[in-house]
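So the structure is just underneath, and the comments pick up after that.
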There are 2 protein chains.
Amino acid sequence: MAARSYGQYCGVTTAVELIGERWSLLIVRDLLVGPRRYTDLKQGLPRIPTNILSTRLKELQEGGVVRRVPLLNCGLVYELTPYGRSFEPVMLALGRWGFQAMGDPEDGDVVTPDSLTMALRTAFQAEDATDADYELHVGDVALRASVRDGELRVAQLAPPAPPVGGRMPEGEADAVIVAGPGIRRLIGGEITPAEALAQDVVAVVRGDASWLDSFAATFHIARMTVGSTT
Amino acid sequence: MAARSYGQYCGVTTAVELIGERWSLLIVRDLLVGPRRYTDLKQGLPRIPTNILSTRLKELQEGGVVRRVPLLNCGLVYELTPYGRSFEPVMLALGRWGFQAMGDPEDGDVVTPDSLTMALRTAFQAEDATDADYELHVGDVALRASVRDGELRVAQLAPPAPPVGGRMPEGEADAVIVAGPGIRRLIGGEITPAEALAQDVVAVVRGDASWLDSFAATFHIARMTVGSTT
DNA sequence: CCGGATCCGAATCGATACTG
DNA sequence: CAGTATCGATTCGGATCCGG
């Protein structure tokens, strides 16, 4: 038996042996956004040691979760297998659960493009969604979230050097929302859009401020009390 | 910042910091079945070192996932907080995902009462369920699974020393099913109930063999190809 | 027996440096 | 760009011990 096996014949145990090592789940989270090269992953996971990153990628490949795809011209990317992609609902449920326990950011905590993208997917409520285009800025991460017919698409925008090529998703967004980490309290329903504006948690720097209402209806995670430890 | 923090402000990261340490998720899995004493957990997780068990229990308490409840007469139990209990859908989704990747058991792998109980919950399909009482034996684990009105209840039976008190859930089960680890292939839809019987993967030692059809309809995990690593 | 605490060798992780 | 090599700091695993 493998040394690190839990010694049980069980689906949960098998899952944990596949994606339960330190950093593995965050690699899968970023790959759920799209294929990534080694360097992209390293950038999106600023504190991961490079030897751990390569070890995890090898393990995930052996487990059939990730595969390595050479690019035509140069370089290569890692992408999820179909089985790896089928982890998405689990990841979203996990993100929703963890969201409830999020406090304020610690010193040094960062928000990455991929983590914010997944956070939006996590909070997306298809039933309550109305068609709209939002441009969302959190820290130096800029995203374009487009809602059409109950479907969400998120594109990552490069903050420096305004794109001169055709990278910008067709035209202007309905609203440009600039937020700090306190946006968590809006998504979590702890404060209303009006309160969020009043407390400078978010600002609508372009478009009508009422877009924040539809934003809050579209992206929402039900509040739940974290049980006391008494 | 905490040394073992991932340094990201994100729901997934928060979740992993709460339940991502080695063994933590398996402790939560067992506690989802019901409150357990320290010794119960140690028995249900045969390979966990005792210092790790107590460390994890402390961490889970600090995270608001678990709480420690003194018993009236003697001893104490650990139980999930409401927040910890809200992890159940994530656990079931994770178990379903891991189930797809389960192979044959390794040497030394065991099936515990709690893991089998959660596996039944994982595989339970309320829409396809018909009322029935099954007694299921896998290895030396014996369970009584009762389906009523699309709801599942699972009770654990003590294999030695037939219960003389009133512990036995009222009367006989409709069917007593004895299975080996190959029951995974029945639940996973790789083989039909008829094939499972023919291959001695399972046996119906009491009640009509046709109960196995309703069992297979009630407990099912859709098959999915684990992507190749090429 | 219950509920741990302590000790120690082995394995893993984290940080940095280095390479094809 | 895509890793490997190295090495000290941590953590894990196994065993033992201890107070109630």
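Computation of the quantities below employed the complete heavy-atom set of this structure, encompassing side-chain atoms and omitting hydrogens, waters and symmetry-equivalent molecules. Worth saying up front: this structure is predicted, and the values here are computed from it rather than measured. Residue numbering restarts at 1 for every chain, and letters A, B, ... go by the order of the sequence lines.
- Regarding contacts with the backbone of C:dG3, every side-chain N or O of B:Ser54 stays at 4.0 angstrom or more from both OP1 and OP2.
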List the protein contact pattern of nucleotides 5-10 of chain D with one symbol per nucleotide (5' to 3'): B for base contact, S for sugar-phosphate-only contact, - for none; contact means a heavy-atom distance under 4.0 Å. BB----
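- Note on B:Arg29 versus B:Asp114: no salt bridge recorded, every NZ/NE/NH1/NH2 to OD/OE distance being 4.0 Å or above.
- Under a cutoff of 6.0 Å and an axis angle of 45°, A:Arg68 and A:Tyr38 do not form a cation-pi pair.
- Close to D:dG13, at under 4.0 Å from its OP1 or OP2, lies a side-chain N or O of B:Trp23.
- Here B:Leu76 lies in heavy-atom contact (under 4.0 Å) with sugar-phosphate atoms only.
- Across all strands, A:Thr39 comes closer than 4.0 Å only to sugar-phosphate atoms, never to a base (heavy-atom distances).
- Look at B:Lys58 and you'll find a side-chain N or O under 4.0 angstrom from OP1 or OP2 of C:dA5.
- Distance CD1 (A:Ile48) to P (D:dA2): 15 Å, rounded to an integer number of Å.
- Taking the charged nitrogens against the carboxylate oxygens, A:Asp133 and A:Arg148 do have a contact shorter than 4.0 Å, which makes a salt bridge.
- Map B:Arg56 and A:Gly75 each onto its nearest nucleotide of DNA chain D; the residue landing nearer the 5' end is A:Gly75.
- Within 4.0 Å (heavy atoms only), B:Gln43 reaches no atom of the nucleic acid at all.
- Note on A:Arg22: every side-chain N or O is 4.0 Å or more away from OP1 and OP2 of D:dC12.
- If you take CG of A:Leu41 and P of D:dG3, they are 10 Å apart, rounded to a whole angstrom.
- Atom C1' of nucleotide D:dA2 and atom CG of A:Asp40 are separated by 12 Å, given to the nearest angstrom.
- Each of D:dC12, C:dA15, C:dC13 was ranked by its minimum atom distance to the side chain of A:Pro49; first place goes to C:dA15.
- Under 4.0 angstrom from either OP1 or OP2 of C:dG4 there lies at least one side-chain N or O belonging to B:Arg68.
- Comment: A:Arg184 engages A:Glu190 in a salt bridge, judged by a side-chain N to carboxylate O separation of less than 4.0 angstrom.
- Contact annotation: A:Tyr78 reaches the phosphate of D:dG3 (side-chain N/O to OP1 or OP2, under 4.0 Å).
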